Trainee: 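Okay, here's the structure, questions in a sec.
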Amino acid sequence: MGLLSPSSGDQHTHRAIKFGYFSQHHVDQLAMGVSSVELLQQSYPGKPVEEYRRQLGSFGVSGDLALQTVGSLSGGQKSRVAFARMCMASPNFLVLDEPTNHLDIETIEALGKAINKYNGGVILVSHDERLIRMVCKELWVCGGGTVTSIEGGFDEYRRIVERELAETNK
C-alpha cells in the first residue's frame, strides 16, 4: 500500500491500483466531533451533500444518524462510517484488517456478501471463522517470519493448529 518501505528487495505496484484500507483500529482514525456527513466532506471535498448521504445510507447510516457526531455512534455504526469513507474513493483493491470488530452477526453476513460481490482484489486479515469460510478462496498463514499457503483451506488450517497444540501440550 506504500505505507512502509521494504527492508530489502523490490516493490512494484501497478500504477492504476487504488487501495482501500480498513484498519482494525479504524475508530482511532475517525474525527469524533463531526457528523458522518462532515467526515466524508472533509475526506472527499466538493461533492453535493446528497452524495455523502447516499454513500452513508448504502452502509446503513441514514437519516438523523448521518448527522449525529461520530463520537455518539456505536462501535458498529462507526465501522459502517469507516467502510463508507473507504469506499467513497472507489478502490479496486481492499486490505481489510479485522473488519468484523464491533459488527453484529447480521452485519458480518452482509459484509461477507458484499466482499463476494466486490469486483476487485481483497486481502482479508481475520480471526472470524464465519467470514473466512464465507469469502476466502485462498488461505495464507503468516507467522514465524514466513507466509504459507494452506491448500486445504480453513479445515486444513484447523487440523494443523490442533496438531501443533497437541504437540505443545505433551
Side-chain angles (χ1 to χ4, degrees), residues 1-6 11 13-143 147 154:
M1 293 181 36
L3 299 175
L4 301 173
S5 298
Q11 175 183 336
T13 305
H14 192 278
R15 68 178 176 271
I17 199 160
K18 286 176 59 178
F19 285 104
Y21 178 55
F22 185 91
S23 165
Q24 67 176 314
H25 304 294
H26 64 278
V27 171
D28 299 335
Q29 298 164 351
L30 298 174
M32 295 294 148
V34 299
S35 73
S36 300
V37 171
E38 291 169 322
L39 184 76
L40 292 188
Q41 284 175 319
Q42 290 172 0
S43 300
Y44 303 97
K47 300 181 185 305
V49 171
E50 296 78 29
E51 189 171 338
Y52 303 121
R53 291 188 68 110
R54 190 170 28 258
Q55 177 73 4
L56 289 162
S58 70
F59 286 86
V61 180
S62 58
D64 290 341
L65 200 58
L67 301 176
Q68 288 181 219
T69 61
V70 172
S72 71
L73 301 176
S74 72
Q77 291 165 336
K78 288 173 186 164
S79 292
R80 290 168 181 256
V81 171
F83 278 119
R85 182 172 71 173
M86 176 185 74
C87 291
M88 190 90 188
S90 301
N92 54 23
F93 198 103
L94 301 178
V95 178
L96 306 176
D97 184 7
E98 297 292 353
T100 59
N101 290 350
H102 309 291
L103 301 183
D104 59 26
I105 292 171
E106 293 81 18
T107 308
I108 293 170
E109 188 168 317
L111 174 62
K113 288 177 181 176
I115 291 170
N116 283 331
K117 284 183 186 176
Y118 182 67
N119 205 20
V122 178
I123 293 177
L124 171 66
V125 178
S126 181
H127 290 92
D128 191 302
E129 180 178 343
R130 291 165 301 187
L131 184 63
I132 293 169
R133 287 187 182 278
M134 186 186 273
V135 304
C136 290
K137 310 286 186 278
E138 295 179 42
L139 181 66
W140 296 10
V141 176
C142 306
V147 178
F154 194 86

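We count residues from 1, following the sequence as given. Below, each value reflects all heavy atoms present in this structure, side chains not excepted, and no hydrogens, waters or symmetry copies. Quantities reported herein were computed from a predicted structural model and do not represent experimental measurements.
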Trainee: Take L56 and S62, measure what side chain to side chain contact (heavy atoms under 4.5 Å, CB included) needs, and give me the verdict at the end.
Mentor: CA-CA 6 Å; L56 289 162; S62 58; over 6 Å; no

Trainee: If you measure from CZ on R15 to CD1 on I17, what distance do you get to the nearest 0.5 Å?
Mentor: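 Atom-to-atom, R15:CZ and I17:CD1 are 12.5 Å apart.
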
Trainee: With no hydrogens and no angle check, is any side-chain donor or acceptor of R53 less than 3.5 Å from a backbone partner on G63?
Mentor: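 Yes: the side chain of R53 pairs with the backbone of G63.
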
Trainee: Going by the side-chain contact (heavy atoms from CB on, under 4.5 Å) test, name the single residue among L103, N101, L96, D97 that passes it with P99.
Mentor: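 Of the listed options, the one satisfying the test is L96.
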
Trainee: Rounded to the nearest 0.5 Å, what separation is found between the CE atom of M88 and the CG atom of L39?
Mentor: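 Reported to 0.5 Å precision, the distance equals 11.0 Å.
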
Trainee: Output a table of donor-acceptor pairs, distance under 3.5 Å, between side-chain atoms of residues 111-124 and any protein atom two or more places apart or on a different chain; print 'none' if there are none.
Mentor:
residue, atom, partner, partner atom, Å
N116, ND2, G112, O, 3.4
N116, ND2, M134, O, 3.2
Y118, OH, P91, O, 2.7
Y118, OH, F93, N, 3.2

Trainee: Would you compute the distance between atom CD1 of I132 and atom NE2 of H127 and round it to the nearest 0.5 angstrom?
Mentor: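 NE2 of H127 is found 8.0 Å from CD1 of I132.
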
Trainee: Could you tell me the separation between the OG atom of S43 and the CE atom of M86, rounded to the nearest 0.5 Å?
Mentor: 13.0 Å

Trainee: Show me the donor-acceptor pairs within less than 3.5 Å that the side chains of residues 21-33 make with the rest of the protein, sequence neighbours left out.
Mentor:
residue, atom, partner, partner atom, Å
S23, OG, H25, N, 2.9
H26, ND1, S23, O, 3.1
H26, NE2, S79, OG, 2.9

Trainee: Kindly determine whether R80 and F83 satisfy side chain to side chain contact (heavy atoms under 4.5 Å, CB included), including the steps that lead there.
Mentor: CA-CA 5 Å; R80 290 168 181 256; F83 278 119; 5.5 Å; no

Trainee: Calculate, to the nearest 0.5 Å, the distance between atoms OG and NZ belonging to S72 and K78 respectively.
Mentor: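 Going from OG on S72 over to NZ on K78, the span is 8.0 Å.
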
Trainee: Quick one: does E38's side chain have a donor or acceptor within less than 3.5 Å of a partner on S35's backbone?
Mentor: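 Side chain of E38 to backbone of S35, a donor-acceptor pair under 3.5 Å: yes, one is there.
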
Trainee: Looking at every non-hydrogen atom in both residues, tell me the closest pair between R85 and Y44 and how far apart they are.
Mentor: O-OH, 3.1 Å

Trainee: Working to the nearest 0.5 Å, report the span between OG of S5 and CD of Q11.
Mentor: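 It comes to 7.5 Å.
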
Trainee: For W140 versus E138, what's the shortest heavy-atom pair and its separation?
Mentor: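 So the minimum-distance heavy-atom pair works out to NE1-OE1, 3.0 Å.
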
Trainee: Can you find a pair of side-chain heavy atoms, one from R130 and one from T100, that are under 4.5 Å apart?
Mentor: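 Counting from C-beta outward, R130 and T100 never come under 4.5 Å.
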
Trainee: Heavy atoms, side chains only, cut-off 4.5 Å: are C142 and V125 in contact?
Mentor: no

Trainee: Between Q77 and V61, which heavy-atom pair has the shortest distance, and what is it?
Mentor: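 Answer, listing the atom of Q77 first, then V61: O-CG2, 4.2 Å.
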
